[in-house]
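Since the structure comes first, as structure tokens, the remarks are kept for the end.
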Amino acid sequence: MSGAAGVPILMYHSVRDDAPPETAPLAVSPGAFRDQMAVLEDRGFTPLPLSAVEAGVEAVKPVVITFDDGYADLHSRALPILTDFGFPATVFVTTGWLDDAGPDAAGRPLDAMLTWAHVAEVTAHGIEVGAHSHSHPQLDQLRDGPLHDELTRSRLSLEDRLQLPVTTMAYPYGYSSERVRRFAADAGYSSGYAVANDVAADVSGFAIPRLTVQRTTSLETFAKIVEGEHPFRKEKALTKGYALVRRSRYACGKVLRRES
Ligand SMILES: [Zn+2]
């Protein structure tokens, strides 16, 4: 299934101030995140769930908002802002990093992470869930057995705990080899998301590019990124013939504003 052409897929990590050194470069302040969402609204973008874009749903200036790893501030900081705007998003969860992973804990979380209850709660408020491996290894460095385990364990535990199908994944560190992509398909995923700082010309397959938003991304640069004018975007003609559809809203009522 081929998705809509020229869809910017934004990649966030953390939305917080005072992030630890490991995540600080990719931690966008809540104020900047709110300003960025306002840019999307003011410029007439339509944030869509990944599943809608993958299914070929067309919209005026579609954009996808994604978060990697599953930091606690997705629930405490980003979700209330997304809810204010009525924007859907997707989180790619590293299952072994979750705060209450318990005996399944694996790898080394870089900051406070979501709990399973948080993950369930965000899914009830317009956030889709994809996998991001179990322990966040460099997948291409793994032998076949551990690679298969990383890919399947994260998907199956998410599906088991959330009772939702999980068909998408994002590669830790944004990188995949041809072998990793083949294993991802074998592990039951239908798509894989990378980091290539390019607009996705075709939202299908296992090397779908995303655009990095980081702490130093100014509002002006953010606007250029989503409009496809940023220098890191390769020269590609964007298809402008989007069918007009009624703007989708995914507002979901009141969200408890909790500190993590
Ligand atoms: Zn990650």
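In each ligand, atom 1 is the first atom listed, and ligand 1 is the first ligand listed. The shown structure was predicted, so the numbers you read here are calculated from the model rather than taken from an experiment.
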Contact list for residues 122-145, test salt bridge (charged side-chain N to carboxylate O under 4.0 Å, His left out), sequence neighbours left out: Asp144-Arg179
Distance flag, aromatic centroids of Tyr175 and Tyr173, threshold under 6.0 Å: no
Geometric class of the His148/Phe183 ring pair [parallel <30°, tilted 30-60°, perpendicular >60°]: perpendicular
Ring-ring centroid check His132 Tyr171, cutoff 6.0 Å: no
Asp17 with Arg77: basic N within carboxylate O range, under 4.0 Å: no
Reported CE-to-OG distance for the pair Met169 and Ser190, which is rounded to 0.5 angstrom: 11.5 Å
Atoms of the protein (N/O/S only) found under 2.8 Å from the Zn ion (ligand 1): Asp69 OD1, His132 NE2, His136 NE2
